[in-house]
Amino acid sequence: MSGDPPHPPPHMYYPPAGQHLPPSPGQGYPQGFAPPAYNPTGGYYMPPTPAQAAYPPPCTPAAGFYPGPAAGAYPPPQVGPLPVGYFPPGGPPHGPFPPQGGPHSGTFPAYGGPHPPGPHPGAFPPGPHPGNKHVDVESDDSDPSGFALYSKEDKHPLSVKFTNKAGKKVKLFWINKRGRRKRKGNIKEGQSKTVDTYETHVFMAFNRKLSREPLPINGSPVFYVFPHKHGDKHVEVEIKKPSGSSFNSLKSEAHVTVPVEVKFVNRAKCPVQLEWINPQGRRETKKHLAKGRCWRTTSWEGHYWVCTDPKKDGNFFALNYGLHYRVQKTRGARERVVITAGSNISGSSSSSSSSSD
């Protein structure tokens, strides 16, 4: 039966190799037909019957007859090692990701961070900067009768150690909340004096034999008390004699990182001209400011400003009682620089600092 498993043929069922089975008695092979030789290793090969021959032979479609996968859908077999970069390396890349430091080639800027270092052609580096909005606002002086310099508040106590390196005995003054000088004593050459005070308070030092203007305290004729680092409770500063060099030797720092909003207040009795000193030492006019007007702008820590008479070149006005103003960032929202008459300025190069507005 067709469902029965095959059984091995009986002994002597197949003739020896090269022989054929004899025909049954009374029968013979059809003319022209003889069984093929028996191959003990492969068995008989019987030619297909007409019915079997009617079926088409197996067919392999021509190339492109059946569409294969899209190019790249299945990678071709890889012979040999994979090429370098075929798979990304394991683990994070070396160093911080993305690299910090600003929009340089191959890096991502840290959003909201400071501007990248590098020289800038003007007082304000060109282009938008995330988190740093340029300010350019002019307004009236909100309190023209107010004090140009004064100590603002008594919130954060701080001690300041003043060391005299001016070469002569100096007189130390504190400017109170009404803008009046209060003497804090004398400091002999090479000696120091510690004063308990508060952040935002103002100090000045004098020696009329050395200079008609205030002596520089940490490089500024007007010293505003602020900690060097946030949280500091003690500050040490030095009082020196004026350098005597001209502001023509001043140059703004080329590599700037800290933007500072500055408010210039014109308390002079005439229009003034505000000039920025670029990193090459050249003066660039940035603003004409009328009497009683204020100008808020964005500058950078380490940049220098001077104020001149627009009608008389060489006639300078004081910026916080200094011949020039060096931008310095404090904890205030903006720095306040008061412009006053320059009659007391006689070639001194002392720099001024600013109060926080």
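- Side-chain contact, W295 with D136: a donor N or O sits under 3.5 Å from an acceptor N or O.
- Under the 30°/60° scheme for interplanar angles, the aromatic rings of W276 and H303 are found to be tilted.
- How far CZ of F317 is from NZ of K269: 11.5 Å, rounded to the nearest 0.5 Å.
- F264 is not listed as a side-chain neighbour of C294, based on a closest heavy-atom distance of 4.5 Å or more.
- With respect to the salt-bridge test (charged N to carboxylate O, under 4.0 angstrom), the residues E284 and K286 qualify.
- The side-chain hydrogen bond (donor to acceptor under 3.5 Å, both in side chains) search around K184 returns none, not counting sequence neighbours.
- Rounded to the nearest 0.5 angstrom, S151 OG and K182 NZ are separated by 12.0 Å.
- Distance alone, capped at 3.5 Å, places no donor-acceptor pair between the T308 side chain and the F316 backbone.
- No continuous path of ILVMFWY side-chain contacts below 4.5 Å connects V265 to I175, so the two sit in separate hydrophobic clusters.
- In this structure, K155 places its NZ atom where only 12 or fewer heavy-atom neighbours from other residues, nucleotides or ligands lie under 6.0 Å away.
- Taking a cutoff of 4.0 Å between a charged side-chain nitrogen and a carboxylate oxygen, K177 and D154 qualify as a salt bridge.
- Checked for salt-bridge contact, R326 and E253 meet the test: a charged N lies under 4.0 Å from a carboxylate O.
- Judged purely by atom type and a 3.5 angstrom limit, D309 has no side-chain atom pairing as donor or acceptor with the backbone of P271.
- For the pair K287 and E138, the salt-bridge criterion is met [side-chain N within less than 4.0 Å of a carboxylate O].
- One finds no salt bridge joining K329 and E301 here, because no Lys/Arg side-chain nitrogen approaches an Asp/Glu carboxylate oxygen to under 4.0 Å.
- The six-membered or imidazole ring of Y224 lies away from that of F203, with a centre-to-centre distance of 6.0 Å or more.
- Between V260 and W300, every side-chain heavy-atom pair lies at or beyond the 4.5 Å cut-off.
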V137/K263 under side chain to side chain contact (heavy atoms under 4.5 Å, CB included): CA gap, chis, key distance, verdict: CA-CA 9 Å; V137 179; K263 180 180 180 181; over 6 Å; no

Item to complete: Would you please test E261 and E335 for side chain to side chain contact (heavy atoms under 4.5 Å, CB included) and show each step?
Response: CA-CA 6 Å; E261 182 179 329; E335 306 307 315; over 6 Å; no

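- Note: K165 NZ to L215 CG = 15.0 Å, rounded to the nearest 0.5 Å.
- In this structure, CG on N218 lies 7.0 Å from CD on E238, to the nearest 0.5 angstrom.
- Here the straight-line distance linking atom OG1 of T200 with atom CD of E153 works out to 4.5 Å at 0.5 Å rounding.
- Within the 4.5 Å cutoff, the side chain of Q280 has no heavy atoms near those of the K251 side chain.
- Considering only heavy atoms from C-beta on, P227 comes within 4.5 Å of L158 through its side chain.
- Here the side chains of V202 and V222 are in contact, with some heavy-atom distance below 4.5 Å.
- To the nearest 0.5 angstrom, Y325 atom OH is 11.5 Å from L274 atom CG.
- Using a 4.0 Å cut-off between charged nitrogen and carboxylate oxygen, R293 and D141 do not count as a salt-bridge pair.
- Side-chain atoms of N266 come within 3.5 Å of backbone N or O of C270 as a donor-acceptor pair.
- Counting only heavy atoms from C-beta outward, the side chains of R296 and V262 never approach each other to under 4.5 Å.
- Between F173 and F206, the ring center distance clears the sub-6.0 Å criterion.
- You'll find the side chain of V306 reaches within 4.5 Å of the side chain of I277, heavy atoms only.
- For T285 (side chain) and E275 (main-chain N/O), no donor-acceptor pair under 3.5 Å exists by modelled atom type.
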### Task
Applying side chain to side chain contact (heavy atoms under 4.5 Å, CB included), run through V135 and T297 and close with a yes or a no.
CA-CA 5 Å; V135 178; T297 186; 5.8 Å; no

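- Shown here for A341 and A318, the closest heavy-atom pair between the two residues is O-CB, 4.2 Å.
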Could you give the side-chain donor-acceptor pairs of residues 187-198 under 3.5 Å, partners two or more places apart or in another chain?
unit_1	atom_1	unit_2	atom_2	d
E189	OE1	G167	N	2.7
S192	OG	T163	OG1	2.8
T197	OG1	H201	ND1	3.2

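- Between H324 and L250 the shortest side-chain heavy-atom distance falls below 4.5 Å.
- Applying the side-chain hydrogen bond (donor to acceptor under 3.5 Å, both in side chains) criterion to E199, with sequence neighbours excluded, gives R331.
- Closest approach of L319 and W305 over heavy atoms only: CD1-O, 3.5 Å.
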